[in-house]
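Here's the structure we're looking at; comments come further down.
Only this structure's heavy atoms are used, side chains among them; waters, hydrogens and symmetry mates stay out. In the text below, chain A, chain B and the rest are named by the order of the sequence lines, each starting its count at 1.
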Protein chains: 2
Amino acid sequence: MTVTSVHDPSHREALWELEDAFERGDLVSLFGRCTVAYEGRAASDLGPGDRLLVLKPDGAALVHTDEGRQPVNWQPPGSEHRAAVREGRLRVVSTRTNPAETLTVRFSDVHQLSGMAVTGGRDLALHGSEEDLRTRILERPELVEPGFEPKATERPSGAGPMDVFGVDADGTPVVVELKRRRVGPDAVGQLARYVRALREELGATESAGDDGDGVGGGDGETEPAVRGVLVAPSVTDRAAERLADRGFDHVALEPTPEE
Amino acid sequence: MTVTSVHDPSHREALWELEDAFERGDLVSLFGRCTVAYEGRAASDLGPGDRLLVLKPDGAALVHTDEGRQPVNWQPPGSEHRAAVREGRLRVVSTRTNPAETLTVRFSDVHQLSGMAVTGGRDLALHGSEEDLRTRILERPELVEPGFEPKATERPSGAGPMDVFGVDADGTPVVVELKRRRVGPDAVGQLARYVRALREELGATESAGDDGDGVGGGDGETEPAVRGVLVAPSVTDRAAERLADRGFDHVALEPTPEE
DNA sequence: AATTTCATATCGTGA
DNA sequence: TCACGATGTGAAATT
């Protein structure tokens, strides 16, 4: 049998089942009334209440209440679970080092405990990520703009690797920053750093110490012409302002085609 | 009884228990072999495998494997759960709108199903957050530097509210940016925006179009003197460079005192 | 091990 | 509702 289960066990029965489950490498689900204490990167305390404790064979521990996607407390994978009965009550402690963290769950009542041996099916096929967006642009560069020609992905720069580097119809270098969803001002800052780094690399001669007011127009200076293009489904108002300030363009594009 | 539990139920029995649990507003734990499909902000498919499905009365749904802190698939709170038997197999669908998202879990085997009525204890007391760091500085300003005097928290600026605004021993305005943990260059950029906004507000007269090389020294220009201080446990090398570029200071401080 | 960046991030707060 | 920033963010890729 792949699943073991006990209903309203005594604290000692729960301990035995739990130790067996640890031994077998089971995925454990434990309903009960408990308090929770955490100490590590921060510290927290949670008073008595009914909760679901999930213990994984890889060391992860999750304490869930009836609300929220996030566990109210947890321990990351790589932790070590131990169970004991102290003063007649089940206690589960999960610890890890680097950083040193401890999660302690003290039960006053154990309502239900189940363990299942898990096999297979851990590979998730996910679509619609930033990588999909990059693929889409490389296959159809005209979606960025007519005449755009990608030259490289992850091209190195002084500010780190750019998402896509290419040239436009006039042969002007273009830095393309990809975001799979609506973006705020931070993405514009990221694009600006790439553009500035590329301008310096392509031979900045004067105008030192500024932060990417990217016009490169017709005045006396000979700043290398480098364009910045932000590809994202949409941008916030603040991000649009900053794009305009820098002289960058925005191309509205989804990571996957609309149906 | 606060907990119901069935072991190796038929798909129809599982459906009945599940519908009862939804009705009661139970927190549900469901072990079984299943496939999972998600479509919404992205899209994903997960082949057959043994998993734990957690269904919360607030609409959250979590699909956990035996590894990782994160669910392999999920649905946020506010979704609606529905269960049915199709072709003799239990199927759980969780949907939400805005954005439109659907999670579908198709079971080939149901091993164990439990539901618990959850009461009380949802208030977590967390220590060591950024707010703790702010409190600590307001109570002991000399931790920033001798003579520092906080004037306001969340003081508005053209770049948004600053964490802490004050003056140093010389009466020079100081913008303090707080981070509860080690920070990278982005935090320096955030601080630079506040400093620049405050300089403009306090009467910038010349040197337009640059981005905060904050010296304000003794040369001819009369840029308003505004200092920037980053309070964080530590900074990355790159962040330290940028701090030096801008003429900002770093104060090493933890959100809670070391023991 | 340290750093950087993405995520179906989630979550709270404020406008 | 949308925008913005914090999170014990987690997780992967890269150095």
Using a 4.0 Å heavy-atom cut-off, does [X] contact any base of the nucleic acid, only the sugar-phosphate backbone, or nothing at all?
X	answer
A:Arg238	sugar-phosphate
B:Arg182	sugar-phosphate
B:Asn73	base
A:Gly160	nothing
A:Pro76	base

Between [options], spot the one nearest the side chain of [X], thanks.
X	options	result
A:Tyr194	C:dT8, D:dG8, C:dT5	C:dT5
B:Glu177	D:dA6, D:dA11, D:dT7	D:dA6
B:Arg69	C:dC6, D:dA11, C:dT8	D:dA11
A:Ser129	D:dT7, C:dT4, C:dA7	C:dA7
A:Trp74	D:dA6, D:dT9, D:dC4	D:dT9

Whole angstroms only, please: what is the [atom1]-[atom2] distance between [X] and [N]?
X	N	atom1	atom2	result
B:Arg96	D:dT1	CZ	P	11 Å
A:Arg193	C:dT4	CZ	P	10 Å
B:His127	D:dG8	NE2	P	12 Å
B:Leu178	D:dG5	CG	C1'	13 Å
B:Gln190	D:dT7	CD	P	11 Å
B:Asp237	D:dT15	CG	C1'	13 Å
B:Asp186	D:dT7	CG	P	13 Å
B:Glu241	C:dT3	CD	C1'	13 Å

Is the distance from OP1 or OP2 of [N] to the nearest side-chain N or O of [X] less than 4.0 Å?
X	N	answer
B:Arg181	D:dT9	yes
B:Lys179	D:dT7	no
B:Arg41	C:dT10	yes
B:Thr236	C:dT4	yes

Please measure how far the [atom1] atom in [N] lies from the corresponding atom in [M], and state the result in whole Å.
N	M	atom1	answer
D:dT7	C:dA7	C1'	14 Å
D:dT14	C:dT8	C1'	24 Å
C:dG14	D:dG8	C1'	25 Å

At less than 3.5 Å, do the side-chain atoms of [X] and the base atoms of [N] form a donor-acceptor pair?
X	N	answer
A:Gln75	D:dG8	yes
B:Gln70	D:dG10	no
B:Asn98	D:dT1	no

Next on the checklist: Could you check whether atom CD of A:Glu131 has more than 12 heavy atoms from other residues, nucleotides or ligands sitting under 6.0 Å from it?
Outcome noted: no
Checklist entry - Nearest nucleotide by nearest heavy atom, which residue falls closer to the 5' end of DNA chain C, B:Tyr38 or A:Glu67? => result B:Tyr38
Checklist entry - Is it true that A:Arg41 and A:Glu101 make a salt bridge, defined as a side-chain N closer than 4.0 Å to a carboxylate O? => result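 Looking at A:Glu101 together with A:Arg41, the answer is yes, because their closest N to O distance falls below 4.0 Å.
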Next on the checklist: Closest-nucleotide mapping onto DNA chain D: is B:Arg180 or B:Ala159 further toward the 5' terminus? I mean the 5' end.
Outcome noted: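 Residue closer to the 5' terminus by nearest nucleotide: B:Ala159.
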Item to check | 5' precedence on DNA chain D between A:Ala239 and A:Glu101 (nearest-nucleotide basis) | outcome: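 Comparing both residues, the 5'-ward one is A:Ala239.
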Item to check | Verdict with reasoning, A:Leu53 to A:Leu62, per side-chain contact (heavy atoms from CB on, under 4.5 Å) | outcome: CA-CA 6 Å; A:Leu53 173 62; A:Leu62 311 170; over 6 Å; no
Checklist entry - Where do A:Leu103 and A:Asn73 land on the side-chain contact (heavy atoms from CB on, under 4.5 Å) test, with the steps shown first? => result CA-CA 8 Å; A:Leu103 181 73; A:Asn73 272 122; 3.7 Å; yes
Checklist entry - Does D:dG8 pair with anything, Watson-Crick or G-U wobble, both distances under 3.5 Å, and if so, with which nucleotide? => result none
Checklist entry - Going through the distances and angles, do A:Val92 and A:Leu18 end up as a side-chain contact (heavy atoms from CB on, under 4.5 Å)? => result CA-CA 9 Å; A:Val92 178; A:Leu18 210 41; 3.7 Å; yes
Checklist entry - What's the spacing between A:Ile137 CD1 and A:Glu139 CD if we round to 0.5 Å? => result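 A:Ile137 atom CD1 to A:Glu139 atom CD measures 11.0 Å (nearest 0.5 Å).
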Next on the checklist: Test side-chain contact (heavy atoms from CB on, under 4.5 Å) on B:Met162 and B:Glu177; report intermediate values, then the result.
Outcome noted: CA-CA 7 Å; B:Met162 314 169 184; B:Glu177 174 68 21; over 6 Å; no
